[in-house]
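Notes follow the structure.
These numbers come from a predicted model, not from an experiment.
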Amino acid sequence: MEGTADDTRRIYYLWACAAGLLTTAALTLQAATSRDPEHLYFLITQPLIALFCAWSLLAVLRNAGHVIRLERLALLVVTFATTSRLPFDLILLGQPAPGAEAQMIIGLLMSAVLGFLTLGLRSATTFVAVLYALHATLIIQHELRSGGPWLSALGTQLALGTLLTLLAALFHFRLGYMQASQDRDALHTLAVTDPLTGLLNRRGGERALNALTAEQRPYLLAVADVDDFKRLNDGHGHAAGDQVLRLLAGGLQRADTAVRWGGEEFLIITEQTGPPAETELRDLIRHTHDRLHTHGHPALTRPVTLSVGAVHVTPGQPWQDALARADRALYAAKAAGKNRILMDPHPAPTPSSPHVTHT
């Protein structure tokens with residue numbers, strides 16, 4: 001996910017850096033030919049921004065470095081370019097140039113947004129508070145020394161501080177909400193996922209079955225059990241057993257829904273009906289056996305096989321009844337010699353003699 005997000009941002013940054021180069025080149029050219037007292041400010045800041053855009057453009061094209069680093073460097077460049085305007089005007093001009101204060105306020109807001117997007121909540125809050133304090137102090141000191149309307153300037157700065165506080169609160173809420181959502185999704189995934197195989201666990205399987213029942217959808221339900229799994233664990237160790245379970249999961253995950261029901265027992269749900277569902281189940285078990293044979297543990301002296309009991313479930317039928325029938329078919333498959341699929345064709349939850357389909 002992270003790689004995909006980085007790729008998306010790189011595309012946008014290519015266009016942003018190209019546009020930044022053109023804009024700063026035009027502003028630098030205009031400042032070089034201007035007689036305005038502020039042309040020195042633009043001759044310093046615009047080439048700096050252009051240099052950053054050029055360097056970033058090369059870094060993005062060469063895929064060199066993480067985009068987070070570029071974003072933090074952009075924060076430094078933008079902050080310097082926007083916050084240096086006020087000291088420059090006060091030192092060289094004695095007062096802010098017309099329109100400069102509005103530009104500096106916009107720059108301060110831009111730096112605040114970039115700070116919250118690229119820094120942690122605490123670091124960004126400290127960063128924005130320091131910038132605001134420096135900006136407000138310089139403005140009010142200038143008005144006091146020049147005898148200007150300092151009360152009006154103070155009101156403006158308080159309004160700006162209120163806006164920045166609201167912005168900080170918005171980002172705190174948004175980022176906190178996003179983190180809480182991510183934590184909730186992670187906890188939900190952990191709650192319904194088996195950590196060894198990555199399949200749904202028993203709770204996740206029950207939710208899937210409840211949903212199919214509530215939606216009145218027919219499906220095929222199969223119970224698959226590893227033959228002689230205890231002998232495998234005792235003879236080759238639990239590490240080999242775990243590897244077999246992971247290989248099984250890799251094959252069974254091609255099903256519409258696959259569940260590690262417990263131990264070496266798996267549930268398979270195929271959302272088809274009739275012969276196509278049985279064909280799909282046979283193909284799935286065959287694929288899983290091939291995977292076990294190809295990638296099995298080298299110390300295994302005999303192939304690992306599955307016994308499967310399956311049943312067609314009618315719309316709205318309680319899955320608990322269907323599971324009981326599939327379990328009986330599984331026990332019959334074990335008794336019949338293992339390594340086979342037994343289909344119970346009867347829709348009613350009454351004992352019946354299943355027919356045999358060999359894998």
Side-chain angles (χ1 to χ4, degrees), residues 194 196-202 204-206 208-209 212 218-233 241 243-296 300 302-314 317 319-347 349-359:
D194 174 59
L196 177 64
T197 63
L199 301 179
L200 292 177
N201 60 17
R202 192 183 189 96
E206 290 180 353
L209 290 167
L212 288 170
Y219 58 94
L220 182 144
L221 175 65
V223 183
D225 187 84
V226 184
D227 295 325
D228 302 314
F229 189 72
K230 185 177 185 303
R231 181 187 301 175
L232 185 152
N233 265 339
Q243 182 186 10
V244 166
L245 294 178
R246 284 192 291 266
L247 289 171
L248 275 171
L252 297 178
Q253 67 181 359
R254 294 176 56 177
D256 293 326
T257 303
V259 184
R260 187 186 178 192
W261 196 244
E264 68 274 18
E265 190 173 78
F266 297 85
L267 293 191
I268 303 166
I269 300 173
T270 299
E271 297 180 21
Q272 291 195 54
T273 58
E278 297 181 20
T279 300
E280 184 175 335
L281 177 62
R282 286 193 294 269
D283 291 343
L284 176 68
I285 299 302
R286 186 179 299 111
H287 164 75
T288 304
H289 279 154
D290 292 342
R291 181 180 175 86
L292 285 169
H293 177 73
T294 304
H295 303 286
L300 297 180
R302 54 183 297 179
V304 178
T305 59
L306 289 170
S307 294
V308 182
V311 61
H312 290 283
V313 186
T314 57
Q317 179 185 351
W319 63 264
Q320 294 87 347
D321 295 342
L323 180 60
R325 293 167 52 211
D327 273 332
R328 288 195 294 270
L330 172 63
Y331 296 148
K334 294 283 189 180
K338 305 176 182 178
N339 187 26
R340 64 195 63 215
I341 300 172
L342 294 186
M343 293 294 308
D344 183 350
H346 301 284
T350 56
S352 60
S353 299
H355 71 270
V356 178
T357 303
H358 292 275
T359 57

Is there a side-chain contact between Leu221 and Leu209 in this structure, where contact means two heavy atoms from C-beta onward sitting under 4.5 Å apart? yes
So do the side chains of Glu265 and Asp327 get within less than 4.5 Å of each other, counting heavy atoms only? yes
For Leu284 and Glu280, what are the C-alpha separation, side-chain angles and deciding distance, and is it a side-chain contact (heavy atoms from CB on, under 4.5 Å)? CA-CA 6 Å; Leu284 176 68; Glu280 184 175 335; 5.6 Å; no
What distance do Ile341 atom CD1 and Leu330 atom CG have between them, rounded to the nearest 0.5 Å? 11.5 Å
Is the shortest side-chain heavy-atom distance between Leu267 and Leu323 below 4.5 Å? yes
In plain terms, say whether Arg328 and Asp344 are close enough for a salt bridge, that is, a side-chain N and a carboxylate O under 4.0 Å apart. no
Give, for atom CD1 of Ile268 and atom CG of Asp256, the distance between the pair rounded to the nearest 0.5 Å. 11.0 Å
Heavy-atom closest contact (Val311 atom, Ala326 atom, distance): CG1-CB, 4.0 Å
For a 4.5 angstrom cut-off between non-hydrogen side-chain atoms, does Arg282 reach Thr279? yes
Working to the nearest 0.5 Å, report the span between CD of Gln253 and OG1 of Thr288. 9.5 Å
Neighbour count above 12 (heavy atom, 6.0 Å) for Arg254 CZ: no
Contact check, side chains of Arg260 and Leu252, non-hydrogen atoms, under 4.5 Å: no
How close do Gly205 and Val259 get, heavy atom to heavy atom, and via which atoms? CA-CG2, 3.7 Å
In the structure I gave you, are the side-chain heavy atoms of Leu212 and Glu271 within less than 4.5 Å of one another anywhere? yes
Spacing of Gln272 atom CD and Leu281 atom CG [to the nearest 0.5 Å]: 11.0 Å
Scanning both residues in full, the closest heavy-atom pair of Asn233 with Gly241 reads OD1-CA, 3.4 Å
Side-chain heavy atoms of Phe229 within contact of Val304, under 4.5 Å: no
Look only at the side chain of His312 and the backbone of Thr273, and say whether a donor-acceptor pair between them is shorter than 3.5 Å. no
Do Asp194 side-chain atoms and Thr197 backbone N/O form a donor-acceptor pair below 3.5 Å? yes
Arg202 side-chain N/O to Trp261 backbone N/O, donor-acceptor pair under 3.5 Å: yes
From His287 atom NE2 to Leu292 atom CG, the distance as rounded to the nearest 0.5 Å: 9.5 Å
Atom of Ala329, atom of Ala310 and distance for their closest heavy-atom approach: CB-N, 4.1 Å
Rounded to the nearest 0.5 Å, what's the gap from OG1 on Thr257 to CD1 on Ile269? Could you check? 4.5 Å
Is Lys338 salt-bridged to Asp227, cutoff N-O under 4.0 Å? no
Residue pair Leu306 / Val226, side-chain heavy-atom distance below 4.5 Å: yes
Is the number of heavy atoms from other residues, nucleotides or ligands under 6.0 Å of Tyr331 OH greater than 12? no
